[in-house]
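These notes are about the structure you will find just below.
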Amino acid sequence: MDGPHRVHRDRVDRRAGAAGIGSGAPAGILTVILAGTAVAHRVAPSPPIPVLEATHLPPLLTAAGERVELRYDVFCAEAGAEPDGPCRASGSVFVRPGTTGPFRRLALREERGASEGRFATLVPDSIAHAESGFTYYAVLEAATGTITLPDGGAAAPQRSLPLGTPVRVALGAHEFGRTARASERVAEAAWGSGPGEAGLEQGRNLTPIGGASFDVSGDGTVHVLDEANRRVLRWRRGSRSADAAVPLAINGTLADMALGADGTIHVLETTDGGRETQLLRTFDASGAARGVATIAGRASQVRIGADGAPLTLQQPSGQWMRAAAQDGRALAPAAQSRRATAARPLASGHEVVVLRKGPEIRVSLSGPAGARRSWLITSATPVAEVQLAEVSAGRLVVVARLYTDTEDEFVTLTLGPDGLERKLALDSADWAETAPLSRFRLRGSSLYQLGSTPAGLFVDRFDLEVS
Amino acid sequence: MSAPRSFVAGLVAAFALAAAGTAGAYHTNFVASRCNSNPPTAISHITRDASTTAALRARWEGYQWAGGCWNDNDVDDSPGDPPGVAGTGGEGGDCSGFTFKVWRESASTSDGGYYEWHPLRFVHGPYTAADFKAGVGAPNATMSKADTSRMDALASTDHIGMIYARNADGSDLIIEAKGEAYGTNLWTRTYRGSSSYGGVRRLGWASVQPN
């Protein structure tokens, strides 16, 4: 947040003599004027750029007998033209049953009355309800260019899996105000920039942002990304105050983080001010930079995959992409797109797919041996986001936020083969904004929550009693 | 102190003082050199598609507190402005100014009509994020967050962002002018679930895309 002016002010030498100041001042002022002029030159007109963007919400999990319609929106405008009408576009979807074989082309029709998903096509039942689901990609053409969704096209198409015969869980209407107490507060820090404090990024027109993300290592050490102070704070097990601060060369900006098994720190920057240059920075446990990868698409999360490689979640495709090869080398964005998958590979060897659809949360879990189980959770209280869906001792743990216009809480659901085994309601504790999907981590049977108040941030541990 | 050393010290001091002075009047002069005060064009209707495209045009442009003027070269032309200072004259809207312009509103709070403001027209509009959250003004109304759709907004007393798409996990892709360090762009956010945010709708969207 500090501009160059502050740096220059700090360099004032208070021992300077009057004579020196008298002779140096004009030169200094001239330097600043020239510098200002140089900066002003940067705003010389540069050519406008056409608009071309497309979006699609993938039906990641398809219920039996469900009519499957694929819908897309395309937005375009010639450079400098006012966008007064709809984008003139057309396109096709290429779809096939399962994951191999030729794709069949389906033309997209335009529905002018649709407020969302103006370009649509119906997937034939023989494909939509194939035993192993279906895969597809779209090619959309507008006056300003052609766009393929998802980026990987035929090499890494979207995948929709059959929900099969899910275990049904009906949550009913949520009763707010009956939240669980934490088993233990494992970390806390006041807002600030001193030792053991966590920084708060705050402007006059900005929601407070602090403690952007966190992770917990295998030995229970908590790591919080203190992006405002450009560092990671660490709390060893049993220590309520931070006992180490590791400086990191990051921009921050609501960054997410994930810890490798060897202490490697992966930080997903959401912006560095450039066009399409989201970065994944990797540091060793001491904070020394080990590499940087340019991320394909628009990523909101970084997590560690089954083989230890960092994975990023692209939105709105919902695809998980490897950011690095097996040997640790960063992959180019095109290579990331070609390796995209709808399922998130978990460290446990399972693969999980999540879809919120209206009042439902659909989850599919594939085991290391390939067996698949699914759950269909319905809620009479609106569902906001699913923050976490991971495995603990063979059970699926889902954390989702339920909301009304005046209240919100997280619910933690422990799901077994016969349905809901345990439900915990948790205070949202979200005074400060964090990276969007980084408020929870699951380690063993412990669920950790990153929360905040006007006084500072904290991490609470909840024992899920999964055995 | 030797003459060369004192000369350098004086130079540095003057450099610092002059630079500090420019903090109050940021030297990119983007607004002064690029923006205009042309009147808006009254238009017959607004569509969610056209407003979405207008919003997407501002991607990768800057952020300026109390600002409202940007070009469409996909670069923040005023990076590093001191945050929260209205007079720096940098590129970009702030969150409420960006929403006002994308929603094609009138400078008069009693006028619910449709007005196209060129990106390079410097205008913030009469509403703060808190005003939008409260549904202040003829064109704006509060609504249930669960009923929102594309180009409706989620607003708190500090911030407002417009909905671009809902992600598979239930989070939203929001298009917003986020802050000086962020600029204007599309990001995944969880505003919908936060009880500090409410739903807001621009009234009068055309229900059918005109030819």
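Proteins get letters first, then strands, A, B, ... in listed order; numbering begins at 1 in each.
- For the pair B/Tyr63 and B/Ser78, the minimum side-chain heavy-atom distance is 4.5 Å or more.
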Atom pairs and distances, donor-acceptor, side-chain atoms in residues 430-437 of chain A, under 3.5 Å, two or more places apart:
| from | atom 1 | to | atom 2 | distance (Å) |
| --- | --- | --- | --- | --- |
| A/Asp430 | OD2 | A/Arg401 | NH1 | 2.8 |
| A/Glu433 | OE1 | B/Lys178 | NZ | 2.7 |
| A/Glu433 | OE2 | B/Lys178 | NZ | 3.3 |

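- Residue contact with chain B, scored on non-hydrogen atoms closer than 4.5 Å, involves the side chain of A/Gln387 exclusively.
- Using a 4.0 Å cut-off between a side-chain N of Lys or Arg and a carboxylate O of Asp or Glu, A/Asp73 and B/Arg150 qualify as a salt bridge.
- Within the structure, ring pair (Phe, Tyr, Trp, His ring centres under 6.0 Å) pairs that include any residue of residues 71-102 of chain B comprise B/Trp70-B/Phe98, B/Phe100-B/Trp117 (at least two apart or interchain).
- Considering only heavy-atom pairs separated by less than 4.5 Å from chain A, the leading option among B/Glu116, B/Met151, B/Arg104 is B/Glu116.
- Taking the side chain as every heavy atom from C-beta outward, B/Arg192 and B/Tyr197 never approach each other to under 4.5 Å.
- Residues B/Arg59 and B/Thr184 are not in side-chain contact: their nearest non-hydrogen atoms beyond the backbone lie 4.5 Å or more apart.
- Looking at B/Arg48 and A/Glu116, no side-chain N of the basic residue comes within less than 4.0 Å of a carboxylate O on the acidic one, giving no salt bridge.
- For A/Leu61, no part lies near chain B; criterion is any non-hydrogen pair under 4.5 Å.
- Annotation: maximal heavy-atom pairing with chain A below 4.5 Å, among B/Ser171, B/Ser194, B/Ser156, B/Pro119, occurs at B/Ser194.
- Counting heavy atoms from C-beta on, the side chains of B/Cys95 and B/His159 come closer than 4.5 Å.
- Residue contact with chain B, scored on non-hydrogen atoms closer than 4.5 Å, involves the backbone of A/Ala79 exclusively.
- The contact between B/Ala54 and chain A is made by backbone and side chain atoms together, counting heavy-atom distances below 4.5 Å.
- With a 4.5 angstrom heavy-atom cutoff, A/Thr406 touches chain B only via backbone atoms.
- Using a 4.5 Å cut-off on side-chain heavy atoms (C-beta onward), B/Asp49 and A/Arg118 make contact.
- Put simply, of A/Ala299, A/Cys87, A/Gly318, A/Ala77, the one with the most heavy-atom pairs under 4.5 Å next to chain B is A/Ala77.
- Considering only heavy-atom pairs separated by less than 4.5 Å from chain B, the leading option among A/Pro316, A/Gly252, A/Pro58, A/Ser428 is A/Pro316.
- B/Ile160 is not listed as a side-chain neighbour of B/Thr128, based on a closest heavy-atom distance of 4.5 Å or more.
- Highest contact tally toward chain B, considering only A/His56, A/Glu385, A/Gln301, is held by A/Glu385 [criterion: heavy-atom pairs under 4.5 Å].
- With sequence neighbours left out, A/Arg71 forms a side-chain hydrogen bond (donor to acceptor under 3.5 Å, both in side chains) with A/Glu69, A/Glu111.
- Close approach to chain B, defined as a heavy atom under 4.5 Å from one of its heavy atoms, is seen in A/Leu355, A/Arg356 of residues 355-362 of chain A, taken by number.
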